[in-house]
Amino acid sequence: MEEEDPEFSATEREVFDAAALLRCYANGVFPMGEARDDPRVFLVEPDQRGIFPLDRFHIPTRLKRTVRSEPFDIRVNTAFLSVVDACASPAKGREDTWINGPIRRLYGEIHALGHAHSVECWKDEVLVGGLYGVSLGSAFFGESMFSRMTDASKVALVHLVARLKRGGFTLLDAQFITEHLMQFGAQEIPQSAYLRKLAPALKIKADAASLAHPMSGVEAVERALI
């Protein structure tokens, strides 16, 4: 279900700004654009919500070996807008994107405020994969991911989960469920159940700054599976 909220549906800066975007997340809705070249922004409140239960995260056996072997240099928040742009770039099966100009600007603003984060995979000083999302309280709202090398986005996801657990986060929102995410233990719950999980998560202060603290591949696997 896609539902526009008149208070936040305008794309003008003075109406739909960083503060309004954070209120959207606190209210259980999130923004999307219609297409890359369409400046309109609308709010989505799905009937069913995808989440990762952090106490039941699953890592496939082969991926465990990959993460432990540390094929990538993992960095956090060093190239946030580059990650957003990579997620918006055309890829096989995804020729267009919901990330338009206003969306990019808004996430850049909340990144500057410390509420949006990127987990990045680098290889030989080239950004080859990663993801980004939004933090509020002890909730993390995953937005998008990309991969230009095998397993790069998967490794970023494992590191995200491990770092969220280390920082005291209690909720990881995946928005929509896919078969790809289900292999990691993602599940779908009604929006009403999601809101019941969101409310207490917003009241807990997690340590978002700790997301950027170094972590080995071995530790990432161990922490993600705790």
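Only heavy atoms go into these numbers, but all of them, side chains included; no hydrogens, no water, no symmetry mates.
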Return the set of residues passing side-chain contact (heavy atoms from CB on, under 4.5 Å) with [X] (not counting sequence neighbours), or none when no residue passes.
X: His213; result: Arg166, Ser210
X: Arg104; result: Leu81, Val84, Asp85
X: Ala156; result: Val119, Cys121, Leu131
X: Ser153; result: Met145, Ser147

>> So, using salt bridge (charged side-chain N to carboxylate O under 4.0 Å, His left out) as the criterion, who are the partners of Glu125 when residues are at least two apart?
In response: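 So Glu125 forms a salt bridge (charged side-chain N to carboxylate O under 4.0 Å, His left out) with Arg75.
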
>> Which residues pass the salt bridge (charged side-chain N to carboxylate O under 4.0 Å, His left out) test with Glu222, not counting sequence neighbours?
In response: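 By the salt bridge (charged side-chain N to carboxylate O under 4.0 Å, His left out) rule, Glu222 matches no residue at all.
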
> Side chains of Phe176 and Val44: does their closest heavy-atom pair fall under 4.5 Å?
Replying inline: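 In contact.
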
> Below 4.5 Å, heavy atoms only, C-beta onward: do Ser118 and Val76 meet side chain to side chain?
Replying inline: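 No, side chains not in contact.
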
>> My understanding is that only one of Leu171, Leu198, Leu22, Ile110 makes a side chain to side chain contact (heavy atoms under 4.5 Å, CB included) with Leu136; could you say which?
In response: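 That would be Leu22.
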
> Excluding sequence neighbours, so at least two apart, what forms side-chain hydrogen bond (donor to acceptor under 3.5 Å, both in side chains) with Ser135?
Replying inline: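 His117.
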
> Excluding sequence neighbours, so at least two apart, what forms side-chain hydrogen bond (donor to acceptor under 3.5 Å, both in side chains) with Glu70?
Replying inline: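 Result, side-chain hydrogen bond (donor to acceptor under 3.5 Å, both in side chains) vs Glu70: none returned.
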
>> With a 3.5 Å distance limit and no angle check, can you tell me whether Lys203 reaches the backbone of Gly137 through a side-chain donor-acceptor pair?
In response: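 Checking the backbone N and O of Gly137 against the side chain of Lys203, no donor-acceptor pair under 3.5 Å is found.
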
> Taking the side chain from Lys123 and the backbone from Pro71, do they hold a donor-acceptor pair closer than 3.5 Å?
Replying inline: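 Yes.
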
> Counting only heavy atoms not in Asp55, do more than 12 sit closer than 6.0 Å to its CG atom?
Replying inline: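 Atom CG in Asp55 is packed in, count exceeds 12.
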
> So with a 6.0 Å cut-off around NZ of Lys197, is the heavy-atom count from everything else above 12?
Replying inline: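 No, NZ of Lys197 has 12 or fewer neighbouring heavy atoms, counting only those of other groups under 6.0 Å.
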
>> Test: salt bridge (charged side-chain N to carboxylate O under 4.0 Å, His left out). Region: residues 134-153. Which pairs qualify, not counting sequence neighbours?
In response: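 Checked against salt bridge (charged side-chain N to carboxylate O under 4.0 Å, His left out) - neighbours excluded - the pairs reaching residues 134-153 are Arg62-Asp151, Asp151-Lys154.
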
> Hey, quick one: are Leu113 and Leu211 part of the same hydrophobic cluster, counting side-chain heavy atoms closer than 4.5 Å, chains of contacts allowed?
Replying inline: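 Result: no, two separate clusters.
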
> Could you give all pairs that pass the ring pair (Phe, Tyr, Trp, His ring centres under 6.0 Å) test and reach residues 62-81, with sequence neighbours left out?
Replying inline: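 Residue pairs with at least one partner in residues 62-81: Phe80-His111, Phe80-Tyr132.
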
> If you group Ile, Leu, Val, Met, Phe, Trp and Tyr whenever their side-chain heavy atoms sit less than 4.5 Å apart, what else falls in with Ile177?
Replying inline: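 Hydrophobic cluster check, Ile177: joined to Met182.
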
>> To the closest 0.5 Å, what do you measure between CZ (Phe184) and OG1 (Thr178)?
In response: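 Here the rounded value is 9.5 Å.
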
What donor-acceptor contacts under 3.5 angstrom involve side-chain atoms of residues 188-196, with partners at least two apart or in another chain?
from: Gln191; atom 1: OE1; to: Arg49; atom 2: NH1; distance (Å): 3.2
from: Gln191; atom 1: NE2; to: Gly28; atom 2: O; distance (Å): 2.9
from: Tyr194; atom 1: OH; to: Arg49; atom 2: NH2; distance (Å): 3.3
from: Tyr194; atom 1: OH; to: Asp173; atom 2: OD2; distance (Å): 3.3

